[in-house]
Engineer: 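Input: one structure, supplied below.
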Amino acid sequence: MGASPAVAGVDPTSPSAAHAQLKKVKKQKVLLMGKSGSGKSSMRSIIFSNYLARDTRRLGATIDIDLSHVKFLGNLTLNLWDCGGQEAFMENYLSQQRAHVFSNVGVLIYVFDIESRDIERDLATYVNIISALVQYSRDAKVFVLIHKMDLIQPLMREEVFEHRAALVRRKTSEAVAIVHKQKPEQGSSGQQQQQQQQQPTSSPSPSSSTQLEPPISLQLFATSIWDQSLYKAWASIIHDLVPNLSVIETQLASLGLAIDADEILLFERTSFLVVSRWTSAEGEGNPYGDRFERMSNILKSWKHTCSKYTGTPRNAEQFSDFEYKMGATFSMFATKFTTNTYILVCMPPGEARFNSAKLNVAAARSWFKFLDGPVVSAQQVGGSGPGATMGVPSSYGADGAAGTHEN
Amino acid sequence: MTSASVEDGDVLADTSSGPSRPRPIRYISPAALNLHRVYEQNRQRLRKKDGAKVPDPTAPQTKGKPRLLLMGQRRSGKSSISSVVFHKLPPSETLFLESTARIQKDSLSSFMEFQVWDFPGQIDIFDNPNFTFDMDAIFGEIGALIWVIDAQDDYLEAVARLNTTILHLHRSYPHINIEVFIHKVDGLSDDYRLDIQRDVTIRIQDELSDQGIENAPVNFHLTSIYNHSIFEAFSKVIQKLIPRLGQLEAMLTNLCRTCRFEKAYLFDVNTKIYIATDNTPEDMASYEICSDYVDVIIDFTEVYGSWSRSEKWRERLEGEPWAQPLDEQVACEWAESGMVLADARRPIMLREVDRFLALVAIMKEGSYEKMPQINMNVDVVVKGLTDFFEITKSKEVSAGGPPGLASPGLS
Ligand SMILES: Nc1nc2c(ncn2[C@@H]2O[C@H](COP(=O)(O)OP(=O)(O)O)[C@@H](O)[C@H]2O)c(=O)[nH]1
Ligand SMILES: Nc1nc2c(ncn2[C@@H]2O[C@H](COP(=O)(O)OP(=O)(O)O)[C@@H](O)[C@H]2O)c(=O)[nH]1
Ligand SMILES: [Mg+2]
Ligand SMILES: [Mg+2]
């Protein structure tokens, strides 16, 4: 390997090999639910439509269901059902429209407003929604966002969140249990019920609910539109929906090794959510565990800053070639990558190393073309090398950058 | 109320009020030390010029650091301002700041060391039944009085108290600049802001001329912690306390001319206060983007530059094929950054001058191609900025003639 780390065409992990595994993408139905005013439309607008947090104060109430098709990475369409949270509508989803709303759901995102006065009622609604979901889309993933955490005193946040999260977990288990009770033929929960009946003296619900791990996938997040927590939650939500994730991961890893990087982050261009990332063994020593969502937040606000300055629309491309060299400590750059992505590379210091990495990243663009739409054929990939050799130490960079011509 | 005291002699940081945040590591750069000397000289000159009460360096509280006094009504926003500007508290978290009955004294080491004193609004230092304040201990230091007025509230009492304060200061402590922050203007329309500013200005000037005072050094700023205005206002306040500001400005003006920059700022990185800019007209939009740029760089630095890599990592990078220490593999030992705005390929650049200062400039359209020359010119100016402080130093030692500023040497 040594001499030509970035040679796309001959590497076993090369696009031609990887692309053979590319799968066609199907549409994903994503339900976004929670009481009216809990912040659903706000987060959707910030993540996918470039709103600023303060703009959300002007959002009108969502009436009924607001269906939007969010294009993500060019070929993934999220069918986002933002369900107005007014009680009357909630009733309606649960009765007449039950099958229509809850069938074929890939993901349910349920938002709780931490400031809500009526927790009991919120939880009761949530239980009903979970029941409907389990009934019609057993494999759906559930993400619960405990939202508006900025309204809680900073020192209290963790405790308040943990408390609420425990409550939601318990209610989820209970909801699932109820559905299974209604269909006793469905195995284990029926037995559970029998066990309970055999031991009428034992303390009832708490123990039975802890025994019952919810057979649905549930993840909880503390969020606020005023900080990076929103990016953390949404990156997890989209992570499993991104098609061909393993191909992306493999190729990021080859790129990272080839250019001697310590970390590479791949962002979707509109939301700036981290789609995929790679970290070197040395990079794993980074003590900032929240850096991925933090980088999303930083770069997205930077995009807004640029948009304000240039007067061009926020969803337009705003900056390119962001370079930062911190003396002999580290270097990094963030730049437009494929049509739908930005890339951030953090690497060791050194002028030659930096120039070589930039050339190689440019050359690797073609490996990732498939992110932008219909799968391209293997021949197209890896074809066009930049052929740039200037300023690159011959020991590896020049071969690497120009290497796409070989083969 | 009696607990409010400035006699406790504790000038060092007392920041018990705000939530704790990681602070930047403090140490004194050569630049900071030298500015401090210049400041001492100014003090001596002032003492000779008018017989006014000049800071007495022997008093324990006055350690020769310019002092910013934050005063105003309760809940006008004083603690919020100092937390946001000097401790990077996110504005929305000021909602949780508790009010205290004590004077909060903070001492900041930055490019220049200064003290920030936050006075609880309920204390009237001139007319306090329980306690007699030592005026010299409060005002006997060069600096600025920042009077904060809540523009979203009834401000008549605030203005009346401000008038009393100005009258006191004018007589005994004329070396104190008076800076009025008409604050919390977020959420107010532009017209309404200007109306308030006009009204406040008139009320103060009328009162002062009734007392026979003309041309008192009173300045007005419209501010909010929710946008850049508070940093911009502090920049103005602090620039007035910088010795030989004109020379710094001339260097930046020169740089803009030779490199065809649109605008250049010298930033204090920790506070995002700009201590000098070139002589082109003020432009809030340019300040905003440059200040946000500094923010991004600070974040990048913290996340990727604030922890140490392993010895193995270094050995590998310094081995073959590079075979050179990392220090020698880099082109510039200080932090440097560049970025291109997509619309017209307009570059913005940043160069660290020392641990506290950074030069940030917006370039003209299409100058990206000329980066190598620009970098050379920037090198020269950065050298000039460092010399600026060095020359000040040697001047003091030799007590020679007027300080001849080395020309930045651009051609
Ligand atoms: N403090 C705070 N307010 C929020 C947050 N998210 C949304 N909001 C506010 O909550 C209100 C209702 O939000 P909206 O998105 O319309 O709620 P929806 O009915 O669930 O779609 C708006 O005024 C938002 O500005 C948050 O994280 N913190
Ligand atoms: N809207 C707005 N509120 C502010 C601003 N500055 C401070 N506040 C709020 O004013 C309240 C009182 O602030 P505080 O700093 O405690 O006032 P102090 O008593 O003068 O120290 C807090 O709730 C702050 O969040 C501002 O620029 N705009
Ligand atoms: Mg809505
Ligand atoms: Mg206060």
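Proteins come first, then strands; the chains are lettered A, B, ... in the order of their sequence lines, and each starts at number 1.
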Engineer: Give, as side chain, backbone, both or neither, the part of A/D290 having an atom under 4.5 angstrom from any heavy atom of chain B.
Structural biologist: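 For A/D290, no heavy atom lies under 4.5 Å from chain B.
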Engineer: Which pair of non-hydrogen atoms, one from B/I289 and one from A/C306, has the smallest distance, and what is that distance?
Structural biologist: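 Closest approach of B/I289 to A/C306, heavy atoms only: CD1-CA, 4.3 Å.
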Engineer: Kindly say whether the aromatic ring centers of B/Y293 and A/F322 come within a distance under 6.0 Å.
Structural biologist: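 Between A/F322 and B/Y293, which both carry aromatic rings, the centre distance is below 6.0 Å.
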Engineer: Measure distances from A/L151 to the heavy atoms of chain B and classify the residue's part below 4.5 Å as side chain, backbone, both or neither.
Structural biologist: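 For A/L151, the backbone is the part near chain B, not the side chain.
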Engineer: Tell me, out of B/P347, B/C332, B/S310, who's got the most heavy-atom pairs with chain A below 4.5 Å.
Structural biologist: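 Top option by heavy-atom pairs under 4.5 Å: B/S310.
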Engineer: Considering all heavy atoms of both residues, which atom of B/V303 and which atom of A/N286 are nearest to each other, and what is their separation?
Structural biologist: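 Of all heavy-atom pairs spanning B/V303 and A/N286, the closest is O-ND2, 3.1 Å.
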Engineer: Can you check salt bridge (Lys or Arg N to Asp or Glu O under 4.0 Å) on B/D186 and A/R54, steps first, answer last?
Structural biologist: CA-CA 12 Å; B/D186 50 286; A/R54 63 168 178 271; over 6 Å; no
Engineer: Considering residues, nucleotides and ligands other than A/K336, do more than 12 of their heavy atoms fall under 6.0 Å from its NZ?
Structural biologist: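 Atom NZ in A/K336 is crowded, with more than 12 foreign heavy atoms closer than 6.0 Å.
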Engineer: Quick check on A/K308 against chain B: is it the side chain, the backbone, both or neither that has a heavy atom closer than 4.5 Å?
Structural biologist: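 Interface part for A/K308: side chain.
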Engineer: At a heavy-atom distance under 4.5 Å, which candidate from B/V296, B/D327, B/I362 has the highest pair count against chain A?
Structural biologist: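 The option with the most such pairs is B/V296.
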Engineer: Which heavy atom in B/L317 sits nearest to a heavy atom in A/P348, and how many Å separate them?
Structural biologist: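 The pair with the smallest heavy-atom distance is CD1-CB, 3.3 Å.
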Engineer: Has B/Q152 got more than 12 heavy atoms of other residues, nucleotides or ligands less than 6.0 Å from its CD?
Structural biologist: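 More than 12 heavy atoms, drawn from other residues, nucleotides or ligands, come within 6.0 Å of this atom.
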Engineer: Would you tell me whether B/E288 and A/T305 have side-chain atoms, one donor and one acceptor, within less than 3.5 Å of each other?
Structural biologist: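 A/T305 and B/E288 do not have a side-chain donor-acceptor pair below 3.5 Å.
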Engineer: Sort and list the pairs that fulfil salt bridge (charged side-chain N to carboxylate O under 4.0 Å, His left out) and have at least one residue in residues 323-332 of chain A, not counting sequence neighbours.
Structural biologist: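 Salt bridge (charged side-chain N to carboxylate O under 4.0 Å, His left out) check on residues 323-332 of chain A returns A/E323-A/K358, A/K325-A/E351.
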Engineer: Between A/A334, A/G350, A/G327, who has the most heavy-atom pairs with chain B when the cutoff is under 4.5 Å?
Structural biologist: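 Maximum pair count with chain B is reached by A/G327.
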Engineer: Under a 4.5 Å heavy-atom cut-off, does chain B meet the side chain of A/Q153, its backbone, both or neither?
Structural biologist: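 When you check distances to chain B, atoms from both the backbone and side chain of A/Q153 fall under 4.5 Å.
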Engineer: Mind checking whether A/W302 and B/D295 have side chains closer than 4.5 Å, heavy atoms only?
Structural biologist: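 No. Closest side-chain heavy atoms not under 4.5 Å.
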Engineer: What part of B/L350 lies closer than 4.5 angstrom to a heavy atom of chain A: side chain, backbone, both or neither?
Structural biologist: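 It is neither, since no heavy atom gets under 4.5 Å.
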Engineer: Pick one of side chain, backbone, both or neither for A/Y288, based on which atoms fall under 4.5 Å of a heavy atom in chain B.
Structural biologist: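 Contact with chain B is through the side chain of A/Y288 alone.
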Engineer: Looking at B/L95, I'd like to know if its CG atom is crowded, meaning that more than 12 non-hydrogen atoms belonging to other residues, nucleotides or ligands lie closer than 6.0 Å.
Structural biologist: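 Atom CG in B/L95 is packed in, count exceeds 12.
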Engineer: If every non-hydrogen atom of A/F330 is compared with every non-hydrogen atom of B/R309, which pair is closest and at what distance?
Structural biologist: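 Shortest heavy-atom separation between A/F330 and B/R309 comes out as CB-NH2, 3.8 Å.
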Engineer: Any chance you could lay out the side chain to side chain donor-acceptor pair (under 3.5 Å) test for A/T329 and B/Y304, step after step, and finish with the verdict?
Structural biologist: CA-CA 9 Å; A/T329 310; B/Y304 290 115; over 6 Å; no
Engineer: Where the side chain of A/E317 meets the backbone of B/A342, is there a donor-acceptor pair that is under 3.5 Å apart?
Structural biologist: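 Flag not set: sc A/E317 to bb B/A342 has no pair under 3.5 Å.
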Engineer: What is the minimum heavy-atom distance between B/F96 and A/D150, and which atoms define it?
Structural biologist: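 Closest heavy-atom pair between B/F96 and A/D150: CZ-O, 3.4 Å.
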Engineer: Begin from the C-alpha positions of A/R294 and B/E302 and carry the test salt bridge (Lys or Arg N to Asp or Glu O under 4.0 Å) through to its verdict.
Structural biologist: CA-CA 11 Å; A/R294 190 161 164 188; B/E302 186 180 350; 2.9 Å; yes
Engineer: Is B/E336 in contact with chain A via its backbone, its side chain, both, or neither, using a 4.5 Å heavy-atom distance?
Structural biologist: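 Backbone plus side chain of B/E336, per the 4.5 Å heavy-atom cut-off to chain A.
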Engineer: Checking A/M332 against chain B: side chain, backbone, both or neither under 4.5 Å from a heavy atom?
Structural biologist: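 Side chain of A/M332 only, per the 4.5 Å heavy-atom cut-off to chain B.
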Engineer: I'd like to verify something: which residue of B/E352, B/R314, B/R346 has the highest number of heavy-atom pairs under 4.5 Å with chain A?
Structural biologist: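 Heavy-atom pairs under 4.5 Å are most numerous for B/R346.
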Engineer: Tell me, yes or no, whether the heavy-atom count around A/E158 atom CD, taken from other residues, nucleotides or ligands under 6.0 Å, exceeds 12.
Structural biologist: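 Counting other residues, nucleotides and ligands, CD of A/E158 stays at 12 neighbours or fewer.
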Engineer: Between B/W313 and A/D262, do the side chains contain an N or O donor and an N or O acceptor separated by less than 3.5 Å?
Structural biologist: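 Side-chain D/A pair, B/W313 to A/D262: present.
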Engineer: Go through it in stages, so that I can follow the logic: the residues are A/M326 and B/W334, the test is side chain to side chain contact (heavy atoms under 4.5 Å, CB included), and I'd like the CA-CA distance, side-chain angles, deciding distance and then a yes or no.
Structural biologist: CA-CA 6 Å; A/M326 190 190 165; B/W334 295 106; over 6 Å; no
Engineer: Has the side chain of A/R353 got a donor or acceptor atom that lies under 3.5 Å from a matching backbone atom of B/Q329?
Structural biologist: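 Side chain of A/R353 to backbone of B/Q329, a donor-acceptor pair under 3.5 Å: no, none is there.
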Engineer: Can you tell me if A/Y51 has over 12 outside heavy atoms packed within less than 6.0 Å of its OH?
Structural biologist: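 Counting neighbours around OH of A/Y51, 12 or fewer heavy atoms of other residues, nucleotides or ligands fall under 6.0 Å, so no.
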Engineer: Go through the atoms of B/S306 and report whether side chain, backbone, both or neither lie under 4.5 Å from a heavy atom of chain A.
Structural biologist: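 B/S306 touches chain A through side-chain heavy atoms alone.
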Engineer: What part of A/T312 lies closer than 4.5 angstrom to a heavy atom of chain B: side chain, backbone, both or neither?
Structural biologist: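 Side chain only.
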Engineer: Do you know which two heavy atoms are closest between A/Y309 and B/A285, and how far apart they sit?
Structural biologist: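 That closest heavy-atom pairing would be CD1-O, 3.6 Å.
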Engineer: Quick check for you: to the nearest 0.5 Å, what is the distance between A/I298 atom CD1 and B/I298 atom CD1?
Structural biologist: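 Going from the CD1 atom of A/I298 to the CD1 atom of B/I298 covers 10.5 Å.
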Engineer: Working to the nearest 0.5 angstrom, can you tell me the gap between B/T301 OG1 and A/Y324 OH?
Structural biologist: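 Result: 2.5 Å between the selected atoms.
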Engineer: How about B/K184: does its NZ atom have over 12 heavy atoms from other parts shown lying under 6.0 Å from it?
Structural biologist: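 Atom NZ in B/K184 is packed in, count exceeds 12.
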